Undergrad: 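The structure's right below; bear with me while I get my questions together.
For this chain, numbers begin at 1 and follow the sequence in order. Just so it is clear, the structure is predicted and the values come from calculations on it, not from any experiment. Just so it is clear, the values below take in all heavy atoms, side chains as well, and ignore hydrogens, waters and symmetry mates.
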Amino acid sequence: MIDNVTVIIPAHNRPDRLQRLLDYYHGTGAKIIVPDSSTHVFNGQYDEAEVRYLHRPGLHFLLKIREILPMIDTGYVLYCADDDFAVPEAIEKITEFLDRNPDYSVAQGHYLTFIPDKNGVVFYPRYIRYFDSRVTGESATERLKGQKGIYAPLLYGVTRTDIFRRIYSYCFDENDELRFRNLFLAEEFFNHSMLINGKYATLPCFFSARERIMGSATETTVPVSVIKNDVGYKAEYDGFIRALSLMLVDEEGVSMQTASETVRQVCACPRDNATVVFKRKVNSFIGRYRVLRWAVRLSDLRFRQKGLNAVRGLESYPCSFSTPEREAIVSAVMSTKDR
């Protein structure tokens, strides 16, 4: 049972995915909050004793989260996107780890990507280059500078609720306006914020499965490499830097200038070269035309095989063998396809 955890599902225009996720968590003891920015209200089935649903059409992600902060009354909290499955058994292991290690602010485990197809559900590894990483510096500055190599987003890890609440106040300026709105910046803000407030661990357990969906928000949002280098986004990027700098000042007592220099150094990102820009345009073009989806499938196949070779035999990556946790996800996905 994970009755000390609140799962936030920031739903948006995918009612079938939301339904399968609510079904998946039913009976686990988790408290569920669904801030739903979908165009239409969700008319699916759920247990109102477990789930608190709010329909906020078109509301920005960060504004949705600010509204629900007072509703969280558990010791731990995590995001679970409506196309993900964060495994209850792993969540329980991670909360036990955090209970034993109060100097850690966030922890997570290993990820899989999955694709439903006509023959069932295909799994392959995700974030394999950075599994089992930890950031254990004793100061916030040490941790910020010591996170190189981490890519798996801390945004979806299990987090202490008191820290989770505190960091969001920094997203808003003196006029109560958002300092930044880009979703990739929001994800990066969470990464850095959690490291300012404590240590981080990736535990060797199967933690989450994420569906590969063409045209998702991550494929339509302006990349951070553009945000950080294009003069047209300077005000937004400066707002992002200021939010983190203020937090670092409050945590360590350094000057605003020192904090800003540290944050800019950590967040620096080179401008995309011509090859990266070209690949991004090609991928965008392919994604718009169904007749060209074979190229995406070929790329996925090559990536999948490389990952499977790298994690062969690891129990925390049950891609090609069965575990109860994996089969629970397969069952949830297939039940949705059958409706």
Side-chain angles (χ1 to χ4, degrees), residues 1-99 106-109 155-166 168 190 205-211 324-339:
M1 297 292 284
I2 49 174
D3 53 4
N4 60 340
V5 177
T6 295
V7 178
I8 299 172
I9 306 174
H12 184 73
N13 287 335
R14 291 195 288 230
D16 56 335
R17 266 74 174 189
L18 176 57
Q19 183 66 69
R20 79 181 182 190
L21 193 55
L22 294 176
D23 293 343
Y24 177 73
Y25 283 118
H26 177 61
T28 63
K31 295 187 177 181
I32 312 293
I33 303 178
V34 182
D36 185 4
S37 54
S38 302
T39 304
H40 303 291
V41 68
F42 177 67
N43 290 317
Q45 298 180 340
Y46 57 89
D47 186 342
E48 293 185 1
E50 298 176 338
V51 179
R52 184 159 185 177
Y53 174 83
L54 299 90
H55 186 223
R56 300 293 184 266
L59 192 63
H60 188 275
F61 172 77
L62 290 171
L63 296 176
K64 289 197 296 184
I65 301 310
R66 182 170 71 163
E67 181 178 359
I68 67 171
L69 291 179
M71 304 175 191
I72 303 171
D73 59 3
T74 56
Y76 296 105
V77 62
L78 79 151
Y79 289 116
C80 186
D82 55 17
D83 54 350
D84 289 3
F85 293 94
V87 177
E89 293 84 354
I91 295 171
E92 185 174 10
K93 291 178 183 177
I94 291 168
T95 59
E96 291 171 353
F97 170 85
L98 292 172
D99 284 343
V106 59
Q108 59 185 345
L155 179 67
Y156 297 99
V158 180
T159 306
R160 298 184 189 279
T161 298
D162 57 341
I163 296 174
F164 185 87
R165 284 200 190 97
R166 186 163 65 244
Y168 278 98
F190 192 93
C205 60
F206 170 35
F207 173 63
S208 183
R210 177 163 296 170
E211 185 174 1
E325 295 82 6
R326 179 184 184 273
E327 295 312 311
I329 293 171
V330 172
S331 176
V333 173
M334 298 306 292
S335 66
T336 303
K337 289 178 64 177
D338 294 339
R339 288 185 181 131

Undergrad: In the structure I gave you, are the side-chain heavy atoms of Y46 and L18 within less than 4.5 Å of one another anywhere?
TA: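 A side-chain contact under 4.5 Å is absent here.
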Undergrad: Counting only heavy atoms from other residues, nucleotides and ligands, does the tally under 6.0 Å from CZ of R52 exceed 12?
TA: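 It does not: R52 CZ has 12 such atoms or fewer within range.
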Undergrad: Might you point out which heavy atoms bring L21 and A81 nearest each other, and give the distance in Å?
TA: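 L21 and A81 have their closest heavy atoms at CD2-O, 3.5 Å.
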Undergrad: Can you classify the ring geometry of F85 versus Y24 as parallel (below 30°), tilted (30 to 60°) or perpendicular (above 60°)?
TA: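 Geometry flag for Y24 against F85: perpendicular rings.
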Undergrad: Ignoring hydrogens and geometry, is there a side-chain-to-backbone donor-acceptor pair from S331 to E327 under 3.5 Å?
TA: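 Here the side-chain-to-backbone pair does not exist.
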Undergrad: Is the backbone of G58 close enough, under 3.5 Å, to the side chain of S37 for a donor and an acceptor to pair up by distance?
TA: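 Looks like no, no N/O pair under 3.5 Å.
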Undergrad: Within this structure, what is the CZ-CG distance for the pair F164 and L69, rounded to the nearest 0.5 Å?
TA: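 F164 CZ to L69 CG: 6.0 Å, rounded to 0.5 Å.
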Undergrad: Does R66 reach the side chain of Y168, with side-chain heavy atoms less than 4.5 Å apart?
TA: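 No, their side chains stay 4.5 Å or more apart.
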Undergrad: Would you check if the side chain of R160 reaches a backbone N or O of L98 as a donor-acceptor pair within less than 3.5 Å?
TA: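 Yes: the side chain of R160 pairs with the backbone of L98.
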Undergrad: Side chain to side chain contact (heavy atoms under 4.5 Å, CB included) for T95 and I2? Distances and angles first, verdict last.
TA: CA-CA 9 Å; T95 59; I2 49 174; 5.7 Å; no
Undergrad: So does Y76 get a backbone contact from the side chain of N4, meaning a donor-acceptor N/O pair under 3.5 Å?
TA: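 It does not hold such a pair.
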Undergrad: Heavy atoms only: give me the nearest G109-I94 pair and the separation to one decimal.
TA: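 Scanning both residues completely, I find the closest heavy atoms to be N-CD1, 4.0 Å.
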Undergrad: Can you name the nearest heavy-atom pair linking G157 to L78, along with the distance?
TA: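 Looking at all heavy atoms of both residues, the shortest contact is O-CB, 3.3 Å.
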Undergrad: Given I68, which of I33, V77, T6 fulfils the side-chain contact (heavy atoms from CB on, under 4.5 Å) condition?
TA: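 Option passing the side-chain contact (heavy atoms from CB on, under 4.5 Å) with I68: I33.
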Undergrad: Just by modelled atom types, is the G27 backbone N or O under 3.5 Å from a matching donor or acceptor in the E50 side chain?
TA: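 Side chain of E50 to backbone of G27, a donor-acceptor pair under 3.5 Å: yes, one is there.
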Undergrad: Would you give the length of the straight line joining atom CZ of R17 to atom CG of D84, rounded to the nearest 0.5 angstrom?
TA: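 Rounded to the nearest 0.5 Å, the CZ-CG separation comes to 11.5 Å.
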Undergrad: Does a side-chain heavy-atom distance below 4.5 Å link V34 with D82?
TA: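 No. Closest side-chain heavy atoms not under 4.5 Å.
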Undergrad: What distance separates Y25 OH from I9 CD1, expressed to the nearest 0.5 Å?
TA: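 Output value for this atom pair is 7.0 Å.
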Undergrad: With a 3.5 Å distance limit and no angle check, can you tell me whether D36 reaches the backbone of V41 through a side-chain donor-acceptor pair?
TA: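 Judged by distance alone, no pair lies under 3.5 Å.
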Undergrad: Applying side chain to side chain contact (heavy atoms under 4.5 Å, CB included) to F190 and T159, what does each step give before you reach the verdict?
TA: CA-CA 11 Å; F190 192 93; T159 306; 3.7 Å; yes
Undergrad: Would you say the side-chain atoms of D47 pair up with the backbone N or O of A49, donor to acceptor, closer than 3.5 Å?
TA: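 It does hold such a pair.
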Undergrad: Before giving the answer on side chain to side chain contact (heavy atoms under 4.5 Å, CB included), spell out for R56 and L63 the whole-Å C-alpha distance, their side-chain angles and the decisive distance to 0.1 Å.
TA: CA-CA 10 Å; R56 300 293 184 266; L63 296 176; over 6 Å; no
Undergrad: If only atom types and distance count, is the side chain of T161 paired as donor or acceptor with the main-chain N or O of T74 below 3.5 Å?
TA: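 The answer is yes, because a donor-acceptor pair under 3.5 Å joins these two groups.
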Undergrad: Report the distance from atom CG of L59 to atom CD of E67, rounding to the nearest 0.5 Å.
TA: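 With rounding to 0.5 Å, CG (L59) is 7.0 Å from CD (E67).
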Undergrad: Measure the spacing between CD of E89 and NZ of K93 and express it to the nearest 0.5 Å.
TA: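 With rounding to 0.5 Å, CD (E89) is 8.0 Å from NZ (K93).
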Undergrad: More than 12 heavy atoms of other residues, nucleotides or ligands under 6.0 Å from NE2 of H60: yes or no?
TA: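 More than 12 heavy atoms, drawn from other residues, nucleotides or ligands, come within 6.0 Å of this atom.
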Undergrad: Evaluate E211 against R14 for salt bridge (charged side-chain N to carboxylate O under 4.0 Å, His left out), listing each step before the verdict.
TA: CA-CA 12 Å; E211 185 174 1; R14 291 195 288 230; over 6 Å; no
Undergrad: Any sub-3.5 Å donor-acceptor pair from Y53's side-chain atoms to F42's backbone N or O?
TA: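 Such a contact is found between Y53 side chain and F42 backbone.
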Undergrad: How far apart are the closest heavy atoms of A30 and V7, and which atoms are they?
TA: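 That closest heavy-atom pairing would be CB-CG2, 4.1 Å.
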Undergrad: Indicate the atoms forming the closest heavy-atom contact of R165 with D73, along with that distance.
TA: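 Between these two residues, the closest heavy atoms are NH2-N, 4.3 Å.
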Undergrad: Calculate, to the nearest 0.5 Å, the distance between atoms CG and CD belonging to N43 and Q19 respectively.
TA: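 Nearest 0.5 Å value for the CG-CD distance: 10.5 Å.
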Undergrad: Test side chain to side chain contact (heavy atoms under 4.5 Å, CB included) on T28 and V5 and set out the steps.
TA: CA-CA 10 Å; T28 63; V5 177; over 6 Å; no
Undergrad: For the residue pair A86 and C80, what are the closest heavy atoms and their distance?
TA: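 Closest approach of A86 to C80: N-SG, 3.6 Å.
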